[in-house]
A.B. asks: 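Structure below; questions to follow.
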Amino acid sequence: MKLATWNVNSLAVRLPQLLDWLAAQQPDALVLQETKLTDDKFPHAALAEAGWHSAWFGQKTYNGVALLARAEPADVVRNIPGFADEQARVIAGTVAGVRVVGAYFPNGQAPGSDKFAYKMGWLQALEDWLRAELAAHPQLVLMGDYNIAPEDRDVFDPVAWAGQIHCTDEERAHFRALLDLGLHDAFRMFEQPPKSWSWWDYRNLAFRKNQGLRIDHILVSEALRSRVAACSIDKQPRRNERPSDHAPVLVELRA
DNA sequence: ATGCCCGGGTAACCCGGA
């Protein structure tokens, strides 16, 4: 079983690349972030034409998430139950017996800002919900754009980024709190090339210079841990002519 | 360096992203 996450930075712009990527990779499920589409604009017909079921949850201009799968996702949930939120950031569904949670974590902008406080509250709500969700669905994957670089080795210049957004102690403590729920970082279960990133700034020729961050993650539950066969970042779409600034991350589970 | 590049919404000396 192949699962993946991709922040497409506007599905309206990236739909052709998404269809190409789906055809090439054939994942069983893919979660998208930053679709930036209201629900009436979601391209479900084009995806259905290519053989993909979709569940989606969007808003105008910002955020927006979706879950695509070969089989129809069951028990779809939008956003964090019990957490009032104007922003469309979470979609969950069950695909082939696996609870797939796709999330676009808040950016946080800068430590001390209102947006940082919102990020902290959102992370706490996510953890509280996931504790229950894991109890109900032991086979669970949490994947998406976390906007957190968990360790210094996930940052191209950890000295310059020390204490900056995505790298603060508070954000990293929340990432560890997710691990403490019994989740495992699939990417770090394997030997990986040094300087592996999932995001590169559009500016400064950052991709060409490989200056990036690893902020897109796939965490798997304890019950799925032994099934994880591989996890990788697919840099190929970042080489496209008009790319997203994020690359997809994939995980393969044994049957 | 409050800069660089993007997408979106709108007409801005714009915002948000990361």
Side-chain angles (χ1 to χ4, degrees), chain A residues 5-19 21 31-43 56-66 85-90 102-123 126 143-172 174-175 187 195-217 233 235 237-249:
Chain A
T5 176
W6 192 9
N7 179 327
V8 291
N9 185 20
S10 169
L11 184 51
V13 173
R14 236 63 71 186
L15 180 60
Q17 293 181 38
L18 172 63
L19 290 168
W21 190 85
V31 290
L32 302 176
Q33 301 88 40
E34 288 208 82
T35 58
K36 299 186 176 178
L37 293 173
T38 50
D39 287 343
D40 57 306
K41 300 237 173 71
F42 189 85
W56 59 93
F57 181 44
Q59 65 179 90
K60 196 174 178 183
T61 312
Y62 303 116
N63 311 313
V65 288
D85 196 349
E86 303 281 299
Q87 306 183 24
R89 295 189 172 277
V90 176
Y104 177 45
F105 290 40
N107 175 293
Q109 201 163 60
S113 67
D114 288 350
K115 286 175 183 155
F116 191 83
Y118 166 73
K119 184 175 194 171
M120 295 298 109
W122 187 94
L123 283 161
L126 179 73
M143 54 186 179
D145 176 357
Y146 285 52
N147 275 317
I148 300 172
E151 301 176 51
D152 279 355
R153 61 177 165 163
D154 301 311
V155 181
F156 76 98
D157 185 347
V159 173
W161 280 79
Q164 302 298 309
I165 196 65
H166 311 310
C167 302
T168 64
D169 291 343
E170 296 99 311
E171 292 164 283
R172 288 176 170 179
H174 274 289
F175 188 89
F187 191 75
K195 303 185 192 303
S196 287
W197 325 124
S198 67
W199 171 85
W200 300 259
D201 202 308
Y202 282 124
R203 299 168 291 186
N204 297 323
L205 305 172
F207 183 68
R208 231 157 69 177
K209 295 189 277 191
N210 197 32
Q211 297 179 342
L213 306 174
R214 191 177 72 96
I215 53 177
D216 300 84
H217 307 293
I233 297 168
K235 288 173 77 168
R238 192 63 176 77
R239 300 189 180 100
N240 287 340
E241 191 170 332
R242 210 180 159 188
S244 168
D245 43 355
H246 293 255
V249 186

A.B. asks: Rounding to an integer number of Å, can you tell me how far A:His246 NE2 sits from B:dG17 P?
C.D. replies: 11 Å

A.B. asks: Taking atom P in both B:dT10 and B:dC6, compute the distance separating them and give it to the nearest angstrom.
C.D. replies: 23 Å

A.B. asks: Checking all strands, does A:Asp201 fall into the base, sugar-phosphate, or nothing category for heavy-atom contacts under 4.0 angstrom?
C.D. replies: nothing

A.B. asks: Give the rounded distance in Å between these two atoms: CD of A:Gln59 and C1' of B:dG7.
C.D. replies: 14 Å

A.B. asks: Is B:dC15 in the syn or the anti form, by the rule that syn lies within 90° of 0?
C.D. replies: anti

A.B. asks: Considering only atom P, compute the distance from B:dG3 to B:dG17 and round it to an integer number of Å.
C.D. replies: 15 Å

A.B. asks: Please report the C-alpha distance between A:Trp197 and A:Asn210 in whole Å, then the side-chain angles of each, then the deciding distance to 0.1 Å, and finally whether the side-chain hydrogen bond (donor to acceptor under 3.5 Å, both in side chains) criterion is met.
C.D. replies: CA-CA 8 Å; A:Trp197 325 124; A:Asn210 197 32; 3.2 Å; yes

A.B. asks: Distance check needed: B:dC15 C1' versus A:Asn63 CG, whole Å only.
C.D. replies: 13 Å

A.B. asks: Looking only at side chains, do A:Gln87 and A:Tyr62 share a donor and an acceptor under 3.5 Å apart?
C.D. replies: no

A.B. asks: Rounded to whole Å, please give me the gap between CH2 in A:Trp199 and C1' in B:dA18.
C.D. replies: 4 Å

A.B. asks: Kindly say if A:Thr61 contacts the phosphate of B:dG16, meaning a side-chain N or O under 4.0 Å from OP1 or OP2.
C.D. replies: no

A.B. asks: Name the residue closer to the 5' end of DNA chain B, choosing between A:Tyr202 and A:Gln109 according to the nucleotide with the nearest heavy atom.
C.D. replies: A:Tyr202

A.B. asks: Please give, in whole Å, the distance from B:dA18 C1' to A:Tyr62 OH?
C.D. replies: 15 Å

A.B. asks: Would you classify A:Glu34 as touching base, sugar-phosphate or nothing, given that sugar-phosphate means primed atoms plus P, OP1 and OP2, and contacts are heavy atoms under 4.0 Å?
C.D. replies: sugar-phosphate

A.B. asks: Suppose you measure atom P in B:dG8 against the same atom in B:dA1; what distance do you get, rounded to whole Å?
C.D. replies: 32 Å

A.B. asks: On DNA chain B, nearest-nucleotide positions of A:Lys115 versus A:Asn204: which is more 5'?
C.D. replies: A:Asn204

A.B. asks: Base, sugar-phosphate, or nothing: which does A:Asn7 touch, judged by heavy atoms less than 4.0 Å apart?
C.D. replies: sugar-phosphate

A.B. asks: Any chance the side chains of A:Gln17 and A:Asn240 put a donor and an acceptor closer than 3.5 Å?
C.D. replies: yes

A.B. asks: Would you call A:Arg172 and A:Asp152 a salt bridge, taking side-chain N to carboxylate O under 4.0 Å as the test?
C.D. replies: yes

A.B. asks: Measure CG/A:Asp114 against C1'/B:dC15 and give the value in whole Å, please.
C.D. replies: 16 Å

A.B. asks: With respect to A:Trp122, which candidate in A:Phe116, A:Tyr146, A:Phe105 satisfies the ring pair (Phe, Tyr, Trp, His ring centres under 6.0 Å) definition?
C.D. replies: A:Phe105

A.B. asks: Rounding to an integer number of Å, can you tell me how far A:Leu15 CG sits from B:dG8 C1'?
C.D. replies: 17 Å

A.B. asks: Measure from CG on A:Asn9 to P on B:dC6 and round the result to the nearest Å.
C.D. replies: 11 Å

A.B. asks: Does the side chain of A:Tyr104 get closer than 4.0 angstrom to OP1 or OP2 of B:dA18 through an N or O atom?
C.D. replies: yes

A.B. asks: Taking only the P atom of each, what is the distance from B:dA18 to B:dA11 in whole angstrom?
C.D. replies: 25 Å

A.B. asks: Which nucleotide wins on minimum distance to the side chain of A:Lys60, given the candidates B:dG9, B:dG7, B:dC4?
C.D. replies: B:dG9

A.B. asks: List for me each residue that meets side-chain hydrogen bond (donor to acceptor under 3.5 Å, both in side chains) alongside A:Gln211, sequence neighbours excluded, and say none if there are none.
C.D. replies: none

A.B. asks: I'd like the P distance from B:dG16 over to B:dG9, given in whole Å.
C.D. replies: 14 Å

A.B. asks: Looking only at atom types and distance, does a side-chain atom of A:Lys119 sit under 3.5 Å from a main-chain N or O of A:Asn107, one as donor and one as acceptor?
C.D. replies: yes

A.B. asks: My validator wants the stems of DNA chain B: runs of 3 or more consecutive Watson-Crick or G-U pairs, both distances under 3.5 Å, written as range with range.
C.D. replies: B:5-8 with B:14-17

A.B. asks: Among the nucleotides B:dA18, B:dG7, B:dG9, which one has an atom lying closest to any side-chain atom of A:Lys36?
C.D. replies: B:dG7

A.B. asks: Does B:dG16 have OP1 or OP2 under 4.0 Å away from a side-chain N or O of A:Asn107?
C.D. replies: no

A.B. asks: Name the nucleic acid region contacted by A:Asp145, choosing base, sugar-phosphate or nothing; use a 4.0 angstrom heavy-atom cut-off, strictly under.
C.D. replies: sugar-phosphate

A.B. asks: Quick check for you: among B:dA18, B:dG16, B:dG8, whose closest atom lies nearest to any side-chain atom of A:Ala12?
C.D. replies: B:dG8

A.B. asks: If you compare every side-chain N and O of A:Arg203 against the phosphate oxygens of B:dG17 (OP1, OP2), does one of them come in below 4.0 Å?
C.D. replies: no

A.B. asks: Applying the ring pair (Phe, Tyr, Trp, His ring centres under 6.0 Å) test to A:Trp6, which of A:Tyr104, A:Trp199, A:Trp21 qualifies?
C.D. replies: A:Trp21

A.B. asks: Under 6.0 Å from the NZ atom of A:Lys209, do we count more than 12 heavy atoms belonging to anything else shown?
C.D. replies: yes

